[in-house]
Trainee: 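This is the structure, below, for whatever I ask next.
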Amino acid sequence: MLNSISKKIILGISIVLLISFGILEAIIINEFQSYNKKSAKENIAMMGESISVRTSMNTGDTEVIMGIVHKARQTKQ
């Protein structure tokens, strides 16, 4: 089957390419999952701050509202 040098080279390159693609796919999947987890945590924190602001607005107390808004701005930065 592998009686010529060109067939051996083609087979070797093909194997290296397949292994490289597998490693690349694993790296991409890992990075995508970690990015999604980070993004989800940030979105949950933002949602919590939004709920806090809305709740403080329902109380009608200006000092409470300004305190929560100031805290939300600090957390965002």
Side-chain angles (χ1 to χ4, degrees):
M1 180 174 159
L2 296 175
N3 49 8
S4 69
I5 191 79
S6 63
K7 289 182 182 178
K8 291 178 183 178
I9 291 173
I10 291 172
L11 180 65
I13 290 173
S14 299
I15 290 172
V16 168
L17 280 174
L18 287 175
I19 291 171
S20 299
F21 288 148
I23 292 171
L24 185 62
E25 182 180 2
I27 291 171
I28 290 172
I29 288 172
N30 186 24
E31 290 295 320
F32 185 72
Q33 287 177 348
S34 65
Y35 172 76
N36 279 344
K37 287 179 185 178
K38 178 184 164 192
S39 177
K41 287 178 183 179
E42 289 174 357
N43 288 339
I44 289 172
M46 190 183 318
M47 182 69 80
E49 292 169 5
S50 174
I51 291 170
S52 297
V53 170
R54 183 68 182 156
T55 304
S56 65
M57 286 182 178
N58 286 340
T59 63
D61 189 4
T62 308
E63 292 178 14
V64 174
I65 295 170
M66 294 309 290
I68 294 293
V69 169
H70 181 67
K71 182 181 175 187
R73 285 185 182 156
Q74 287 179 342
T75 323
K76 187 176 178 182
Q77 297 172 356

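In this chain, residues are counted from 1 in sequence order. Below, each value reflects all heavy atoms present in this structure, side chains not excepted, and no hydrogens, waters or symmetry copies. Quick caveat: nothing in here was measured; it's all calculated off a predicted structure.
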Trainee: Give a yes or no answer on whether the side chain of Ser39 reaches the backbone of Tyr35 with a donor-acceptor pair at less than 3.5 Å.
Mentor: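 Answer holds: no.
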Trainee: Testing Val16, Ile9, Leu11 one by one against Ile13 for a side-chain contact (heavy atoms from CB on, under 4.5 Å), which residue passes?
Mentor: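 Going through Val16, Ile9, Leu11 one by one, the side-chain contact (heavy atoms from CB on, under 4.5 Å) with Ile13 is satisfied by Ile9 alone.
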Trainee: Can you list everything that forms a side-chain contact (heavy atoms from CB on, under 4.5 Å) with Ile44? Sequence neighbours excluded, please.
Mentor: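 If we apply the side-chain contact (heavy atoms from CB on, under 4.5 Å) test to Ile44, skipping adjacent residues, there are no hits.
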Trainee: How would you list, by chain and number, every residue that makes a side-chain hydrogen bond (donor to acceptor under 3.5 Å, both in side chains) with Ser14, sequence neighbours excluded?
Mentor: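 Testing Ser14 for side-chain hydrogen bond (donor to acceptor under 3.5 Å, both in side chains), a comparison that skips the adjacent residues, returns none.
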Trainee: Below 3.5 Å, can you tabulate the donor-acceptor pairs from side chains in residues 24-33 to any protein atom, sequence neighbours excluded?
Mentor:
none

Trainee: List the residues meeting side-chain contact (heavy atoms from CB on, under 4.5 Å) with Leu18, not counting sequence neighbours, and say none if there are none.
Mentor: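 None.
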